[in-house]
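What you are looking at is a predicted structure, and each value in this text was computed from that prediction instead of being measured.
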Amino acid sequence: MQLLERHSYESGRDYAMRVIRENIIRMDLAPGAAISDRELAAWMNLSRTPVREALLDLAKVKIVEIYPQKGSVVAPIDYSLVEEAQFMRSVLEIAVVQLVCQCAADSQIAQLKENVELQEFYFQHGSTERLLEMDDEFHKLLFQIAGRMQTYELMKSLTVHFDRVRSLEVTAVKEHLWIGDHRKIYEAVAAHDPERAKALMEMHLNRYKVDEAVLREQYPQYFQ
């Protein structure tokens, strides 16, 4: 598991929530893994109360299952929830990328280009963790350029199910066609072509459906 640095503005509950959520997304806490609030609290140097509160919040979005008197486990991947999260991302990110095509400054387009080049670099050098970080950053940059960061934060709080599948794809699917998708999306933004950007983003966010069979074959124990 990865212990993240705590931000000065974070409450204990918010910090515990972020750490547990990120470890679930990265599969350091895999589906079915037991979760001990006592052990997590000691590891994060927190009392048990904020950890328990964080687990209750994660249970509300069905990423953790809590069994009274028995403990908590990471929920299996439920593809119906993945599809809901994907629906939200499609609606929001397609709208955002079209807006970006209309408002992006040259310096912001350069940021997108640099991000894509880093994705390609980390893929070539086998750095899975950094590749995922750059993937996240690419999508976040689009919301930043569009001036829609409140929307981004809301979306991220509800798309953890989609993010787990995306994390599995990095190791299970060898071609990583989504890196090429990002380059094409950047090129459409650079050309200020909202219709092409819309079509590319729609294809990009639906790519997980193509990979579902591969993921189920390699990781049957992770799925509901």
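Cluster annotation: Trp178 and Phe123 are assigned to the same hydrophobic cluster (Ile/Leu/Val/Met/Phe/Trp/Tyr, side-chain heavy-atom contacts under 4.5 Å, transitive). In terms of hydrophobic clustering, with Ile, Leu, Val, Met, Phe, Trp and Tyr side chains grouped at heavy-atom distances under 4.5 Å, Met88 and Met149 are assigned to a common cluster. Cluster membership for Met44 and Leu58, using ILVMFWY side-chain heavy atoms within less than 4.5 angstrom, is shared. Criterion: ILVMFWY side-chain heavy atoms under 4.5 Å apart, direct or through other members. Under it, Phe87 and Met155 are not part of a common hydrophobic cluster. Note on Val73 and Ile77: separate hydrophobic clusters, where clusters join Ile, Leu, Val, Met, Phe, Trp and Tyr whose side-chain heavy atoms are under 4.5 Å apart, directly or indirectly.
Of the possible polar contacts, none joining the Thr159 side chain to the Ala85 backbone as a donor-acceptor pair under 3.5 Å is found. Using a distance-only test at 3.5 Å, with no hydrogens or angles considered, a donor-acceptor pair links the side chain of Arg148 to the main chain of Ala146. A donor-acceptor distance shorter than 3.5 angstrom exists from the side chain of Asn206 to the backbone of Glu202, with no hydrogens or angles considered. Judged by distance alone, with hydrogens and angles left aside, the side-chain atoms of Asp193 form no donor-acceptor pair with the main-chain N or O of Cys101 at under 3.5 Å. Checked by atom type and distance alone, the side chain of Tyr186 never pairs as donor or acceptor with a backbone atom of Phe138 at under 3.5 Å. At least one donor-acceptor pair under 3.5 Å links the side chain of Ser11 to the backbone N or O of Asp14. Checked by atom type and distance alone, the side chain of Arg164 never pairs as donor or acceptor with a backbone atom of Val82 at under 3.5 Å.
Side-chain atoms of Gln2 and Asp28, non-hydrogen and from C-beta on, do get closer than 4.5 Å to each other. Taking the side chain as every heavy atom from C-beta outward, Arg26 and Asn23 never approach each other to under 4.5 Å. Between Met201 and Leu142, the closest side-chain pair of non-hydrogen atoms falls below 4.5 Å. Between Val100 and Leu141 the shortest side-chain heavy-atom distance does not fall below 4.5 Å. Counting only heavy atoms from C-beta outward, the side chains of Ser72 and Asp37 never approach each other to under 4.5 Å. With contacts defined as side-chain heavy-atom distances shorter than 4.5 Å, the pair His204/His139 qualifies. The shortest distance between side-chain heavy atoms of Met1 and Leu40 falls below 4.5 Å. Taking 4.5 Å as the limit, every side-chain heavy atom of Glu133 sits out of range of all side-chain heavy atoms of Asp136.
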Would Lys113 and Val116 count as a side chain to side chain contact (heavy atoms under 4.5 Å, CB included) here? Give the steps. CA-CA 5 Å; Lys113 180 181 181 183; Val116 170; 5.9 Å; no

Test side chain to side chain contact (heavy atoms under 4.5 Å, CB included) on Phe143 and Glu93; report intermediate values, then the result. CA-CA 8 Å; Phe143 282 85; Glu93 295 205 46; 3.7 Å; yes

Give the intermediate values and the outcome of side chain to side chain contact (heavy atoms under 4.5 Å, CB included) for residues Leu81 and Phe162. CA-CA 8 Å; Leu81 296 175; Phe162 184 97; over 6 Å; no

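Note that CD1 of Ile179 and CZ of Phe121 are 13.0 Å apart. Values are rounded to the nearest 0.5 Å. Of the inter-residue distances, the one linking Ile185 atom CD1 with Lys198 atom NZ reads 14.0 Å to the nearest 0.5 angstrom. With values rounded to the nearest 0.5 angstrom, Leu92 atom CG is found 10.0 Å from Leu158 atom CG. A distance of 13.0 Å separates CG of Leu3 from CD of Glu22, quoted to the nearest 0.5 Å. Note that CZ of Arg48 and CD of Glu53 are 13.0 Å apart. Values are rounded to the nearest 0.5 Å. Here Tyr15 contributes atom OH and Ile20 contributes atom CD1; the two are 10.5 Å apart, rounded to the nearest 0.5 Å.
Between Ser167 and Leu132, the shortest heavy-atom contact is OG-CD1, 4.0 Å. Nearest heavy-atom pair, Leu154 versus Ser157, reported as atom, atom and distance to 0.1 Å: O-OG, 2.7 Å. Scanning both residues, Gln98 and Pro194, for their nearest heavy atoms gives CG-O, 3.7 Å. Of all heavy-atom pairs between Gly12 and Pro50, the closest is C-CB, 3.6 Å. The two residues Cys103 and Gln108 have their closest heavy-atom pair at O-OE1, 4.0 Å. The shortest heavy-atom contact between Val97 and Ala197 is CG1-O, 3.8 Å.
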Name the atoms and distances for all side-chain donor-acceptor pairs under 3.5 Å in residues 59-66, with sequence neighbours left out.
from: Glu65; atom 1: OE1; to: Tyr67; atom 2: OH; distance (Å): 2.8

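Around the CD atom of Glu5, the shell of radius 6.0 Å holds no more than 12 heavy atoms that belong to other residues, nucleotides or ligands. A 6.0 Å sphere centred on CD of Gln102 holds more than 12 heavy atoms belonging to other residues, nucleotides or ligands. Within a 6.0 Å radius of CD in Glu39, no more than 12 heavy atoms belonging to other residues, nucleotides or ligands are found. Other residues, nucleotides and ligands place no more than 12 heavy atoms under 6.0 Å from the CD atom of Glu217.
Side-chain polar atoms of Ser90 and Gln86 form a donor-acceptor pair below 3.5 angstrom.
Comment: Arg6 does not engage Glu10 in a salt bridge, judged by the lack of any side-chain N to carboxylate O separation of less than 4.0 angstrom. Between Arg183 and Glu120 there is a salt bridge, since at least one side-chain N of the basic residue sits less than 4.0 Å from a carboxylate O of the acidic one. Remark: Arg166 engages Asp163 in a salt bridge, criterion side-chain N to carboxylate O under 4.0 Å.
Ring pair Tyr222/Tyr219 is parallel by interplanar angle, where below 30° counts as parallel and above 60° as perpendicular.
Listed by chain and residue number, Asn115, Leu118, Gln119, Tyr122, Arg130 satisfy the side chain to side chain contact (heavy atoms under 4.5 Å, CB included) test with Met134 (two or more places apart in sequence, or in another chain).
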